[in-house]
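Taking it in order: structure first as C-alpha cells, then the write-up.
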2 protein chains.
Amino acid sequence: MSIGESHRALRDEVADQLRSWILDGTLAPGSRLGEGAISERLGVSRLPVREAFRRLEAEGLVQTAPRRGVRVAVFDQEELATIQEIRLALELIAVRKTAERRDSETMNELERVLLAGSQAAEAGDQSALKRLNGDFHELLAGGTGSRVLVALLRSVRNQAHHLVGGLVTSPEDSWSEHARVIRAVLEADAEMAALLMRRHLHDRHESQRATLTPNP
Amino acid sequence: MSIGESHRALRDEVADQLRSWILDGTLAPGSRLGEGAISERLGVSRLPVREAFRRLEAEGLVQTAPRRGVRVAVFDQEELATIQEIRLALELIAVRKTAERRDSETMNELERVLLAGSQAAEAGDQSALKRLNGDFHELLAGGTGSRVLVALLRSVRNQAHHLVGGLVTSPEDSWSEHARVIRAVLEADAEMAALLMRRHLHDRHESQRATLTPNP
DNA sequence: CTTGACAATCCTGCATACAGTATCGCAGAC
DNA sequence: GTCTGCGATACTGTATGCAGGATTGTCAAG
C-alpha cells in the first residue's frame, strides 16, 4: 500500500460535499446544479465537479438532461415504493450473507457498535445513535465482502433517505431494532437476523407511507 | 470512422463503445485502460473518456485505483455468487411488479416478442433469439416503470455477463424458459412468473458454477 | 544471476480556454 | 394584452496544456 493511495481525488471530495448537501436538504429536490456555481463555491475547477456529477448520477441522487444541466433527483410515489422494495431485498441479502460469513473483523466491529449503542441509548445521546445506526448498515453491507453490494446498498439508501426527507423515526427506536439484528448476527442466526431486518424496514416503510399520505 | 462528429454526447458514445468491448471480450478482465490510448483510438479528447470511465465504474464494469488508472473489473468467485444473488432478487422484483402493473405498452411488446421468438425458435434463427432474449429482460425491467430498477438491473446483468464470459446456455433453451415467463406475465400471474424466473436464473447459475468448477 | 535503487518516461489529475447550443429577456406585431 | 421572433447571455461540451505521482527500465552491487 503506497502513500499515494491515501491521497483523495478532488472529484471524491466534491462528490461527498454535494451528497451531504443533497441529503441534508441544503440542495432541494429539483433544484438545478450549475457546474460553474458549484466549482466557484468549492474553489475548484469545473472538471472535478463534472466527474462528481457522473458519480452522483450513477447513485441516483441527481438526474442529467443533455445540454440542460444537472438537477437534484425527483421521483414519484411509485418509484419511491420500488426503491424501498429494492432496498429491502438487498439488505436481506446483506444481513444473511454477513451472518453466514462471520468475518472476524466485522463481528468485532458489530460488538463494538452494540456496546457503544447501548451506552448511547442509556445516555440519550441522539447524535451518537444516529451515527451508530449508520455504522450498523455499513457494517452489514461490508460484512458480505462484496464491493458491489456495498455500492448498490449505499446508492439505494441514499435515494430512499433523500426521497422521504430524512428521518421519520427516532434514533432510539431504530437502535433498539438494530440491536436485535446485531445480536442475531453475532449468534450466527441468519434467518432470525433477516426476519428482524425485514420487520425493521417494513415498519419504517409503513410509517413513511403514513406520513406521506395522511388520509387513507 | 471517428465518432467525434456525432451529435450525441461523446461520453455516451465512448461509454457504449467501451461497454461493448468489455462485454464481447475485446478488453479482457484485468486489462488496463489508459485514457490516452482510448481517446486516441476513438478520435476524441481524454475528457469524454474520463467521464465514460466514471459511468462504467458506477456500472461495475471497471475498477479505478487512484493515480493508477482504470482496469476492466475482476471479481472472485464469492463476489460472482453475490452478484448472481443480487440479480435474482432484482429480477424477481421486476417480474412481479411488471405482472402486477400490466402496463399496456409493455404487454404489447411482450406479445410481439413472444410471437417473434416462437417463429425464430422454429426457424432456428440463433441471432434473432439472442436479441429477443435481451429484449425480454429489458422489457421486464422497463415494465416496472422504475428508472432506478432498470439502471440497477442493467448494471448487475453486465457484471454477471462479463464475469462468466458469455453465454453458457443455448439461445433456444433460454428462450423456452423466457416464453413461459412471458405467458405468465401476460396472464397476470405474478407469482407464477416469479417462480419461473427464479427457476430460470437458478438453473443458469448452477450450470455456470458447474462450468467454472468442473470437479465437485 | 538476482536484487535493489535511481532516473527517465508515462500517465493521471486538474486548470484554463474555446465553440456550440439552450435559455431568457425584450421588442414588435397581431 | 398576448404571442412570436430575435438577440444576448450563460452554460454545457470539448480540447489542450501543465504539474506531480506511478511505472518501468537500467545499472550496479552483492
Side-chain angles (χ1 to χ4, degrees), chain A residues 1-19 21-22 26-74, chain B residues 1-19 21-22 26-74:
Chain A
M1 166 139 143
S2 71
I3 305 173
E5 284 183 28
S6 60
H7 176 267
R8 232 168 120 65
L10 223 46
R11 60 167 175 267
D12 295 334
E13 306 277 357
V14 174
D16 286 350
Q17 183 62 67
L18 289 177
R19 192 181 296 115
W21 277 346
I22 292 173
T26 305
L27 296 170
S31 59
R32 188 167 170 181
L33 303 179
E35 297 178 2
I38 303 291
S39 67
E40 195 174 339
R41 189 163 173 185
L42 293 179
V44 299
S45 85
R46 284 171 41 212
L47 253 130
V49 176
R50 286 176 68 87
E51 299 202 71
F53 280 174
R54 300 294 154 253
R55 173 165 305 179
L56 296 176
E57 182 181 20
E59 289 178 7
L61 286 175
V62 303
Q63 296 168 340
T64 303
R67 283 282 179 192
R68 256 190 259 174
V70 173
R71 290 182 176 279
V72 180
V74 172
Chain B
M1 170 180 90
S2 151
I3 60 179
E5 311 166 346
S6 168
H7 187 67
R8 203 174 147 209
L10 278 182
R11 59 170 175 267
D12 296 332
E13 305 279 356
V14 174
D16 287 349
Q17 183 63 68
L18 289 178
R19 192 181 297 114
W21 277 345
I22 291 173
T26 304
L27 296 171
S31 59
R32 186 167 173 180
L33 304 179
E35 296 178 2
I38 303 291
S39 67
E40 195 175 339
R41 189 161 173 186
L42 293 178
V44 299
S45 86
R46 286 167 40 215
L47 252 130
V49 176
R50 286 175 67 87
E51 300 202 73
F53 280 175
R54 299 296 154 254
R55 174 165 305 180
L56 296 175
E57 182 181 20
E59 289 178 8
L61 286 175
V62 303
Q63 294 168 340
T64 303
R67 281 282 179 192
R68 254 188 264 173
V70 173
R71 291 182 176 279
V72 179
V74 172

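Lettering follows sequence order; numbering is per chain, from 1.
- Here the closest heavy-atom approach between residue B:Leu10 and residue B:Pro48 is recorded as CB-CB, 3.9 Å.
- Applying the salt bridge (charged side-chain N to carboxylate O under 4.0 Å, His left out) criterion to A:Glu13, with sequence neighbours excluded, gives A:Arg8.
- Contacts of B:Arg71 with the nucleic acid, taken as non-hydrogen atoms under 4.0 Å apart, are absent.
- Taking atom CZ of B:Phe53 as the reference point, atom C1' of C:dG13 lies 13 Å away to the nearest angstrom.
- Contacts of A:Ala58 classified as side-chain contact (heavy atoms from CB on, under 4.5 Å), with partners at least two apart in sequence or in another chain: B:Ala58.
- Donor-acceptor pairing under 3.5 Å, judged by distance alone, is absent between the side chain of A:Arg67 and the base of C:dT21.
- Nearest-nucleotide assignment on DNA chain D puts the 5′-proximal partner with A:Glu35, out of A:Glu35 and B:Arg32.
- Looking at residues 41-49 of chain A, you'll see A:Val44, A:Ser45, A:Arg46, A:Leu47, A:Pro48 sit with a heavy atom under 4.0 Å from some atom of DNA chain C.
- Atom-to-atom, CG of B:Asp12 to C1' of D:dT14 comes out at 14 Å; the value is rounded to the nearest Å.
- With sequence neighbours left out, the side-chain hydrogen bond (donor to acceptor under 3.5 Å, both in side chains) criterion links B:Thr26 to B:Asp24.
- Distance CZ (B:Arg54) to P (C:dT12): 10 Å, rounded to an integer number of Å.
- The CD atom of B:Glu51 sits 9 Å away from the C1' atom of D:dT14 (whole-angstrom rounding).
- Across the protein-nucleic acid pair, B:Leu33 atom CG and C:dG13 atom P stand 13 Å apart, rounded to whole Å.
- In the helix from C:dC1-D:dG30 to C:dC30-D:dG1, the end axes, each obtained as the rotation axis mapping the C1' atoms of four pairs onto the next four within a five-pair block, lie 20° apart to the nearest 10 degrees.
- With sequence neighbours excluded, the residues that form a side-chain hydrogen bond (donor to acceptor under 3.5 Å, both in side chains) with B:Arg55 are B:Asp12.
- For B:Arg50, the side-chain atoms get nearest to C:dC14 when compared with the rest of D:dG13, C:dC14, D:dA22.
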For residues 36-45 of chain B, run the donor-acceptor check on the side chains, cut-off 3.5 Å, and write out each pair with its distance to 0.1 Å, sequence neighbours left out.
{"residue": "B:Ser39", "atom": "OG", "partner": "B:Glu35", "partner atom": "O", "Å": "3.2"}
{"residue": "B:Ser39", "atom": "OG", "partner": "B:Gly36", "partner atom": "O", "Å": "2.9"}
{"residue": "B:Ser45", "atom": "OG", "partner": "B:Leu47", "partner atom": "N", "Å": "3.3"}

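- Distance CD (A:Glu40) to C1' (C:dT16): 15 Å, rounded to an integer number of Å.
- Nearest approach of A:Ala52 to A:Val14, heavy atoms of both residues: CB-CG1, 3.6 Å.
- Legend: residues meeting salt bridge (charged side-chain N to carboxylate O under 4.0 Å, His left out) with B:Arg11, ordered by chain and number and at least two apart, are B:Glu51.
- Distance CG (B:Leu10) to P (C:dG20): 14 Å, rounded to an integer number of Å.
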List, one per line, each side-chain donor-acceptor pair under 3.5 Å for residues 63-73 of chain A, sequence neighbours excluded.
{"residue": "A:Thr64", "atom": "OG1", "partner": "A:Glu57", "partner atom": "OE2", "Å": "3.3"}
{"residue": "A:Arg71", "atom": "NH1", "partner": "A:Gly30", "partner atom": "O", "Å": "2.8"}

